Protein chains: 2
Amino acid sequence: MGVTIKDIARHAGVSYSTVSKALRDSPLVKKPTKTKIIKIAEELGYQPNVAARSLVQKKSFTIGVVWPSVERVAPSILITKINDFLEEKSYTTLLSINKVESAIATFNRFQVDAILVFGENNSVLSDTSIHTTVPILYYGLKENSTYPTIDVNRRKAIKLAVNYLEEIGHKKIAFIGDLTDKDPLQKEKAIGFFEAMNVKKASDLPELAIPTNGLEVHDGYHAAKVVLANNKDITAIITGSYDLTRGVLRAANELSLDVPKDLSIISYDNIPQSENLGVTLSTVGVPVTRIAKHINETLLSIIEGHNIQDSIILDPELNIGTSCAPFGWYD
Amino acid sequence: MGVTIKDIARHAGVSYSTVSKALRDSPLVKKPTKTKIIKIAEELGYQPNVAARSLVQKKSFTIGVVWPSVERVAPSILITKINDFLEEKSYTTLLSINKVESAIATFNRFQVDAILVFGENNSVLSDTSIHTTVPILYYGLKENSTYPTIDVNRRKAIKLAVNYLEEIGHKKIAFIGDLTDKDPLQKEKAIGFFEAMNVKKASDLPELAIPTNGLEVHDGYHAAKVVLANNKDITAIITGSYDLTRGVLRAANELSLDVPKDLSIISYDNIPQSENLGVTLSTVGVPVTRIAKHINETLLSIIEGHNIQDSIILDPELNIGTSCAPFGWYD
DNA sequence: TTGTATGCGTTATCAA
DNA sequence: TTGATAACGCATACAA
């Protein structure tokens, strides 16, 4: 059994309520008593019992994160950031990888102060089925949720990239990414491209809208090899993900194409890249740190009882590195 | 505020202790009262308060999982399996992505019944620094832990593969994988290869021990392209991971090499493959389901107070699919 | 400045 | 078969 404040009280020769106050750094306890108590607590390896504390405080200083699709990388980095921030504010985050409904039920029983739900791309979170007194924040596609939501404008991101490339003179701009309907997030990016190009669908733009079979490095590599061989006058490529971009760079390299002299590249990306790719990437997207910041602030705000008015859709930003240059710059 | 048993009691016109019994399906409550109470509880959306319950029971039916490196895929699948099993046994799993020490402290305060630590490959978990009354189980490299540990024998796995290939007549067997010292888990596989080949290090076997820059598909693809071009009499390849294998298969395909006619492949793997690769893969490793089973049983066992005697190192198994055939089989 | 008493929601023991 | 009550560990209003 763990050490309780009563054990500490006995050792210190004071009442346990004094110990309680001392440990919470209350001004109602004299300095010397306080330091003595804290010292004893440390010696005994005291750890406050969350169950008891949250029972009386009706607050657990804990945030539950529902994360049904553990396998995905991008959310992992976001969660890590959120966790770090929350830790600073002395909140603990606990994750559940159960199905949304059951995870929420669990967190509800645990009396967490707020629940953050990471949306699965294909499922909808509606409040009709869910019994909870704990405030919920949803991160994912706005249209999939009837809760306060934080979303990222992927469509606008790709448009931004297209517009920028056009501004600096590029005429043939290709998009390499997932063009299927399987993943709504990826689809948003494709739609962004179509809208920027004033077409409706991929088949309206067969030589510029390049589908991949996945989002891995090799998929980008393969797509780029094909498109760059068949369509020599393409001068700029926008990719749907960082990994695809890495593949495109390898393909360009093998084809002796210089980036950005022969080919400009803008990559969709949320995540700060650590890898050295020979060029510094130009990216569009909402940086994870900004997403994390918004999520955290919203979380703390709803915990304090503020009713979140509306959902937030974060605007992407464009960061131009050396992978991208005006058309004809080197001629 | 949530619904409590007292609310239910008031609605049902009984005492709250009767409600408590009824909800726990105690035989000490008459059928009709019981059903009535349960019905009201559902109507009110009652959810038992974990804090209060674990306060009195000194048991939370919760298992804490320490998972500092969220980004990795293989552990994700394992965790999912463990979670499913534990759910069946009516345990809840909670994950923490904090640093090991602080995650353990958190779980300790939450009075979880056991803690499962997923080892980070480069850090050591020793019991000297850790204050806890909760039993801990470690999953990772045995040598990194002074706690009861479950580990997988990667070295033996690769040896098994080599020996099998030799048995069926292969003379030139290459290993494609991470040969650096960066990741101890990968290093184990390399050592397994060296031991099976009776050499000490990679440079003793330059044409057969093929290093990659990573564990992605493209790394396997690239390595295989190089090695298969330079060394035509290699008839069998062992790879360090599933993704590498996918790359090798693509390379073989591009080089018009038939698998298994021209090239036999055995892949290190823990994870059941869903993808159709044209062949059914031959694999060595410990299937996640088996790992999960062992972890779960050990977890439940230590919760029941059994002192786990010793650490467990799981033996790999060899599964031969159509990607692997005896040397000369088709001649 | 310190100590005493009460209650948080639940389970468990005992009395009715 | 049901109800009253103590206890779990802690925070806090109030008494000393």
Side-chain angles (χ1 to χ4, degrees), chain A residues 1-38 40-41 44-62 90 106-113 133-134, chain B residues 1-38 40-41 44-62 90 92 106 108-113 133-134:
Chain A
M1 209 43 288
V3 183
T4 75
I5 49 173
K6 289 185 183 170
D7 298 322
I8 300 174
R10 215 173 305 121
H11 279 257
V14 297
S15 81
Y16 70 85
S17 83
T18 304
V19 174
S20 173
K21 287 170 201 154
L23 259 22
R24 312 215 57 238
D25 200 24
S26 158
L28 302 177
V29 182
K30 253 201 300 189
K31 263 267 168 63
T33 344
K34 203 182 277 183
T35 44
K36 181 172 138 203
I37 289 174
I38 291 176
I40 294 178
L44 265 41
Y46 170 75
Q47 309 234 307
N49 182 319
V50 179
R53 177 175 287 177
S54 60
L55 197 54
V56 40
Q57 287 197 153
K58 295 174 174 234
K59 190 154 168 19
S60 57
F61 285 92
T62 303
S90 71
T106 299
F107 285 138
N108 202 34
R109 296 198 316 263
F110 270 89
Q111 307 252 101
V112 299
D113 300 330
T133 55
V134 180
Chain B
M1 208 42 290
V3 182
T4 74
I5 49 174
K6 290 186 182 170
D7 297 323
I8 300 173
R10 215 172 304 123
H11 279 257
V14 296
S15 82
Y16 69 84
S17 78
T18 305
V19 173
S20 173
K21 286 171 202 152
L23 258 23
R24 312 211 56 236
D25 200 25
S26 157
L28 302 176
V29 181
K30 254 203 297 190
K31 263 266 168 62
T33 349
K34 203 183 278 185
T35 45
K36 181 172 137 204
I37 289 174
I38 291 175
I40 293 177
L44 265 40
Y46 169 75
Q47 307 234 309
N49 182 320
V50 180
R53 176 177 289 177
S54 61
L55 197 55
V56 43
Q57 287 197 152
K58 298 179 172 227
K59 189 152 168 27
S60 58
F61 285 92
T62 304
S90 71
T92 301
T106 300
N108 202 33
R109 296 198 318 261
F110 270 87
Q111 308 251 101
V112 299
D113 301 329
T133 55
V134 181

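So you know, we letter chains A, B, ... as the sequences are listed, proteins then strands, and number each from 1. Every value quoted in this text rests on a predicted model; they were computed, and no experiment measured them.
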Practice prompt. Compare all side-chain heavy atoms of B:Leu44 with those of B:Ile8 and state whether any distance is below 4.5 angstrom.
Written response: yes
Problem - Contact check, side chains of A:Val112 and A:Val134, non-hydrogen atoms, under 4.5 Å - result: yes
A:Lys34 side chain to A:Ser26 main-chain N or O, any donor-acceptor pair under 3.5 Å? yes
Counting any heavy atom closer than 4.0 Å, what does B:Ser54 reach on the DNA or RNA strands: base, sugar-phosphate only, or nothing? nothing
Per the atom types in the model, does the base of C:dG7 pair as donor or acceptor with the side chain of A:Lys58 at under 3.5 Å? no
Exercise for review: May I ask you to evaluate whether B:Arg109 reaches the phosphate of D:dG9, defined as a side-chain N or O under 4.0 Å from OP1 or OP2?
Suggested key: no
| request: Check whether any side-chain heavy atom of A:Ile5 lies under 4.5 Å from a side-chain heavy atom of A:Tyr46, and answer yes or no. | output: yes
**Request:** Could you tell me whether the phosphate oxygens of D:dG9, OP1 or OP2, come under 4.0 Å of any side-chain nitrogen or oxygen in A:Arg53?
**Result:** no
Closer than 4.0 Å, any side-chain N/O of B:Tyr46 to the OP1 or OP2 of C:dT10?
yes
Per atom distances to the A:Val56 side chain, the nearest of C:dC8, D:dC8, C:dA12 is C:dC8
Comparing A:Tyr16 with B:Ala52, nearest DNA chain D nucleotide closer to 5' gives the residue B:Ala52
Check: Is A:Thr18 near enough to C:dT2 that one of its side-chain N or O atoms lies under 4.0 angstrom from OP1 or OP2?
Finding: no
From the candidates C:dT1, D:dT1, C:dG3, the one with an atom nearest any side-chain atom of B:Lys30 is D:dT1
**Prompt:** OP1 or OP2 of D:dT2 less than 4.0 angstrom from a side-chain nitrogen or oxygen of B:Thr33, does that happen here?
**Reply:** yes
Expected list for residues 4-12 of chain B near DNA chain D, using heavy atoms below 4.0 Å, is none
**Q.** Side-chain heavy-atom pair B:Ile38, B:Leu23 within 4.5 angstrom cut-off
**A.** yes
Exercise for review: For B:Ser60 and B:Ser54, indicate whether the former's side chain and the latter's backbone hold a donor-acceptor pair under 3.5 Å.
Suggested key: no
Base of D:dA4 paired with side chain of B:Ser17 (donor-acceptor, under 3.5 Å)
yes
Answer yes or no: is there a side-chain heavy-atom contact under 4.5 Å between A:Thr106 and A:Arg109?
yes
Using a 4.0 Å heavy-atom cut-off across all strands, classify B:Val29 as base, sugar-phosphate, or nothing.
-> sugar-phosphate
Which of D:dC8, C:dC8, C:dT11 is nearest the side chain of B:Ser20? It is C:dT11
